A.B. asks: 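Got a structure here, written out as structure tokens. Questions coming.
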Amino acid sequence: MSIKQNPLTTRKSMSIPAFFSMLLCLMFIAVNSSALPGCQNKCGNMDIPYPFGIGKGCALPWFGVNCNTNNFTVTSNDLGNLQILTFLPGEIRINSSRWIAYDCNNSASIPLRINLIGTPFTISNSLNKFVAIGCDTLGLVLDNSSFASGCMSMCLNRESVKSDGSCSGIGCCEVSLPKGMEYAALATASINNYTNVSNFDNCSYATIVEEESFKFFEPDQRNFLKQKDLVIRFDWIIGNESCTIAENSSSYMCTENSYCVDAPRGYGYLCNCSEGYRGNPYLNASAGCQDINECAESDPCVPSAHCKNFVPGYKCTCPFGRSGDGTKLGSGCTNHARIILIILVVCVGTGLIVGLSSMIYYGLKKRKLMKLKEEYFYKNGGLLLKQHVSSIEGTKCTTIFTSEELKKATNNYEESRVLGRGGYGTVYKGTLVDGSIVAIKKSKVVDKTQIDQFINEVVILTQINHKNVVKLLGCCLETEVPILVYEYISNGTLFHHIHGNSSSTLRISCANRLRIATETAEALAYLHSAASIPIFHRDIKSANILLDENYTAKVADFGASRLVAMNETEIPTVVQGTLGYLDPQYLQTSQLTEKSDVYSFGVVLVELLTSQKPVSFQRSKEYSTLAAYFKTSTENKDIREVLDEDIVREGRMEEVEAVVQLAWKCLRVKGEKRPTMKEVAQELGAITRFVPSSQAWFQNEEEMECLLERPQGNPSDESGLSIQNNLNMSLEIGR
Ligand SMILES: *[C@@H]1O[C@H](CO)[C@@H](O)[C@H](O)[C@H]1NC(C)=O
Ligand SMILES: *[C@@H]1O[C@H](CO)[C@@H](O)[C@H](O)[C@H]1NC(C)=O
Ligand SMILES: *[C@@H]1O[C@H](CO)[C@@H](O)[C@H](O)[C@H]1NC(C)=O
Ligand SMILES: *[C@@H]1O[C@H](CO)[C@@H](O)[C@H](O)[C@H]1NC(C)=O
Ligand SMILES: *[C@@H]1O[C@H](CO)[C@@H](O)[C@H](O)[C@H]1NC(C)=O
Ligand SMILES: *[C@@H]1O[C@H](CO)[C@@H](O)[C@H](O)[C@H]1NC(C)=O
Ligand SMILES: *[C@@H]1O[C@H](CO)[C@@H](O)[C@H](O)[C@H]1NC(C)=O
Ligand SMILES: *[C@@H]1O[C@H](CO)[C@@H](O)[C@H](O)[C@H]1NC(C)=O
Ligand SMILES: *[C@@H]1O[C@H](CO)[C@@H](O)[C@H](O)[C@H]1NC(C)=O
Ligand SMILES: *[C@@H]1O[C@H](CO)[C@@H](O)[C@H](O)[C@H]1NC(C)=O
Ligand SMILES: *[C@@H]1O[C@H](CO)[C@@H](O)[C@H](O)[C@H]1NC(C)=O
């Protein structure tokens, strides 16, 4: 007969040196001890797990162990000390070699009582069996009240007794036990007074044994009392309540990471570590239930998977492109081409949908923008301009730029390209696709009522090619406010050269000053009289007179003031023209006439003569405007004190005085008393002996043709007529 060693005890078995060192360390708290901290956790090589324990306070009541004899006492009427062979969760295995009821040679029968009443122990019903041994035998088992059971064994001769370890009715019989037996009374007797078996067997035995370890062989029958390896199993519980009650009670025994289990016997409870934990569920902290590092201990994942421990539990991760739970017991890691394909299809599909919808979105947005552009184009008189343009098709006279072209030319209206800013808007330096450099003027607001007039002027101005007028190359009507594109004049403004003091300013000689004045006057005179609708500049000032690389004067911004809103009710706030140059009569009539340009020119003339700013608060208050200062000081003082010293030094005095007189005339308060621009130009020409040549109006034949070509459109078209009139007029001037 052999008793199977339980794996739990073999796992913890130790070598002999380890055992001695263990003894030395008994005073210390063993790290992985299953005993109560501070208590002896081993007896010999056997672990004594709490609630069992050695010594006072180291065990729960009934669970105290006496290590010296490797036994412990259960208060029992008949059993005395119990030799525990194995400690198991909720169970103990006990050496039951002497626990036998017997009846021999017809002498008095010896019964056996196992009384566990009042202890936490009961006789395990699932692992124990009641057995009776003999060839003329009746075995009985009873509890203290209601239960009674037993079995009978008969055999004819010794040879008929089976001897294969099983207990199957010939020489040995067995019965099961009821649940939760606290008390068992065992008895045995002969049925026929051993009459027919006395020659080979005069005894009967009864006992309760661990079914697993009990083996019956024939020779045992004759000397059963000398059996040395009988084992009985007892159940134990930690509390006699059910879990639902225990969990709420103050005496609940299950510690952290453990849970309550109702005992199999039918009442009371036990504790068990939660899944993924291991340890003693009745102890706290490090001795209690601890996480199991499954990855380090048992390697639960398939070789290709990566194992990661969690508290509690673990996770196996399959390598990229493979799927499954990665565990050896589960699905492992499998190549799932189909899943990858599905993911791919989903990704591509999503991409397509996103792409398509964004295309639709931007398409709609673009269409909206196009519509807006078209709207602006019509509102800004684009149709009218188109008619003009188509009427003179085949030439390069007027260009209608698209907003995209201009955006590209100015690099989306980059700050570094700003040439100048003013109340009217901003001027940018732009480079067209063909490489030519242009000035692009972006105005702020436009007066809608003047659109037709504006278009007419644009048409006329683009066709005019006077050498002293900044050429208007075209316009863009697709924006809310029309954008004008001019030729780029490289050397800045006259204002800058007269009043500036940076390194780029130029000292202008007297002769040059007179030349610039003459050129400006010519340009103005031409525009005042060249067209059927006289084009007034409306904002003559030195800042609007540009100088090209040869320092030839170029008048900029003709008719541009049309782009400034002129609401009748807002006249005082939106003053056309620039302070200091403004016709005083305009303040009374609110009308800008050609004589307003003459007045402003007069101020420029004085500016050229004196190099003084048109408005300066360094002069006394009543002379803050240059016109007033000039008038008063030339009346009262020596003219030389007022004039620029270069002019006094270089100029011929009679010539200078004539210009001063001319300035006087231009600055007359009453517009009608001022000379016309044509007269001014002629007089300046005479003074400077500058004879204007007719060739100056047009630079080449092609441009002549452009203006000469008759419009093909509706003859009653007013704008067409205006061009025709314009042509006649310019030809007259030419002659
Ligand atoms: C069990 O231990 C007690 C002392 O605690 C001792 O008296 C008794 O003899 C021991 N029994 C056995 C069977 O060793
Ligand atoms: C029964 O009788 C046999 C033979 O007479 C003897 O060997 C044996 O010891 C007896 N048994 C008992 C329990 O008296
Ligand atoms: C049997 O034992 C139980 C305790 O387990 C007790 O409650 C009961 O009264 C006993 N019955 C008899 C007949 O002694
Ligand atoms: C059984 O046999 C013995 C002798 O072996 C005898 O003394 C006894 O009276 C018998 N008992 C019965 C009930 O027959
Ligand atoms: C004993 O054996 C004899 C003969 O073999 C038989 O007649 C008798 O009935 C048996 N007695 C019992 C009780 O079986
Ligand atoms: C059984 O008992 C009887 C009388 O008591 C005796 O004669 C006989 O030898 C015994 N048998 C054995 C096997 O002990
Ligand atoms: C059981 O007890 C008997 C006697 O008390 C003894 O001879 C035997 O060695 C014990 N068995 C074990 C496994 O300790
Ligand atoms: C449960 O056990 C406690 C002591 O552990 C005892 O006082 C109580 O009477 C027991 N209750 C029952 C129903 O056995
Ligand atoms: C346990 O106690 C809680 C309050 O602490 C209570 O709400 C609950 O009903 C109790 N459960 C049982 C089974 O007594
Ligand atoms: C305790 O838990 C383990 C696994 O964690 C399980 O195998 C065992 O059966 C449980 N014991 C009880 C009494 O529930
Ligand atoms: C575990 O800790 C709790 C509370 O900290 C305490 O009441 C209990 O007695 C401890 N149990 C053990 C076995 O040390």
Side-chain angles (χ1 to χ4, degrees), residues 1-9 29 33-39 41 43-46 48-53 55 57-61 63 69-72 79-100 124 126-127 207 209-210 212-215 223-233 235-239 242-243 246 249-266 268-292 294 297-298 300 312-314:
M1 270 225 269
S2 70
I3 296 165
K4 263 199 204 162
Q5 274 274 11
N6 190 287
L8 266 172
T9 54
I29 300 159
S33 167
S34 58
L36 203 61
C39 293
N41 72 325
C43 187
N45 58 5
M46 189 136 74
I48 314 291
Y50 190 80
F52 297 94
C58 287
L60 285 183
F63 293 94
T69 52
N70 212 10
N71 70 29
F72 82 109
L79 291 173
N81 293 316
L82 309 176
Q83 189 194 354
I84 298 173
L85 301 172
T86 317
F87 296 93
L88 293 169
E91 283 168 16
I92 42 173
R93 296 174 78 242
I94 290 162
N95 185 347
S96 63
S97 299
R98 299 279 160 77
W99 301 4
I100 299 166
S124 169
S126 55
L127 298 168
T207 187
V209 290
E210 185 186 58
E212 189 186 50
S213 60
F214 178 71
K215 299 279 179 284
N223 218 349
F224 196 69
L225 289 178
K226 296 220 169 74
Q227 282 286 328
K228 286 196 166 81
D229 47 12
L230 295 182
V231 177
I232 187 166
R233 279 212 194 206
D235 288 327
W236 54 268
I237 51 174
I238 197 75
S242 69
C243 277
S249 89
S250 59
S251 62
Y252 184 54
M253 291 301 293
C254 303
T255 54
E256 216 180 335
N257 304 323
S258 71
Y259 62 98
C260 182
V261 185
D262 280 315
R265 69 166 75 162
Y269 72 95
L270 290 165
C271 302
N272 200 5
C273 282
S274 306
E275 204 176 332
Y277 291 93
R278 182 176 51 210
N280 190 328
Y282 308 103
L283 289 176
N284 287 330
S286 66
C289 294
Q290 300 293 305
D291 175 56
I292 304 166
E294 291 89 352
E297 279 181 21
S298 52
Y314 63 95

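For ligands, and for the atoms within them, numbers begin at 1 and follow the listed sequence. If you're wondering where the values come from, they're calculated on a predicted model, not measured in any experiment.
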A.B. asks: Looking at CD1 of Ile92 and CD1 of Ile94, how far apart are the two atoms once the value is rounded to the nearest 0.5 Å?
C.D. replies: 3.5 Å

A.B. asks: Please report the closest heavy-atom contact between Gly53 and Ile48, naming both atoms and the distance.
C.D. replies: N-CG2, 3.7 Å

A.B. asks: Please determine which of Cys260, Cys254, Pro51 meets the side-chain contact (heavy atoms from CB on, under 4.5 Å) test together with Ile238.
C.D. replies: Pro51

A.B. asks: How long is the gap from CG on Asp229 to OG on Ser97, to the nearest 0.5 Å?
C.D. replies: 6.5 Å

A.B. asks: Using the test side-chain contact (heavy atoms from CB on, under 4.5 Å), find all partners of Ser126 that sit at least two apart in sequence or belong to another chain.
C.D. replies: Ser124

A.B. asks: Under 4.0 Å from a heavy atom of Arg98: which atoms of ligand 7 are those, numbered in the order shown and with their elements?
C.D. replies: 4 (C), 5 (O)

A.B. asks: Is any NZ, NE, NH1 or NH2 atom of the basic residue among Arg93 and Glu212 found under 4.0 Å from an Asp or Glu carboxylate oxygen of the other?
C.D. replies: no

A.B. asks: What atoms of ligand 7 come within less than 4.0 Å of a heavy atom belonging to Lys228?
C.D. replies: 1 (C), 7 (O), 8 (C), 10 (C), 11 (N)

A.B. asks: How far apart are the closest heavy atoms of Asp291 and Tyr277, and which atoms are they?
C.D. replies: N-CD2, 3.4 Å

A.B. asks: Using a strict cut-off of 4.0 Å, indicate which atoms of ligand 7 neighbour a heavy atom of Ser97.
C.D. replies: 1 (C)

A.B. asks: Can you name the atoms of ligand 11, numbered from 1 with element, that are less than 4.0 Å from a heavy atom of Tyr282?
C.D. replies: 13 (C)

A.B. asks: Within ligand 7, which atoms have a heavy atom of Gln83 less than 4.0 Å away?
C.D. replies: 1 (C), 10 (C), 14 (O)

A.B. asks: Flag yes if more than 12 heavy atoms outside Glu91 fall under 6.0 Å of its CD atom; otherwise flag no.
C.D. replies: yes

A.B. asks: Is ligand 11 under 4.0 Å from a heavy atom in the side chain of Leu36, in the backbone, in both, or in neither?
C.D. replies: side chain

A.B. asks: What does the contact table look like for ligand 10 (nitrogen or oxygen on each side, cut-off under 3.5 Å)?
C.D. replies:
from	atom 1	to	atom 2	distance (Å)
ligand 10	2 (O)	Asn272	OD1	3.3
ligand 10	2 (O)	Asn272	ND2	2.2
ligand 10	11 (N)	Asn272	ND2	2.7
ligand 10	14 (O)	Asn272	ND2	3.4

A.B. asks: Minimum heavy-atom separation for Tyr282 to Cys271, with atom names?
C.D. replies: OH-N, 3.0 Å

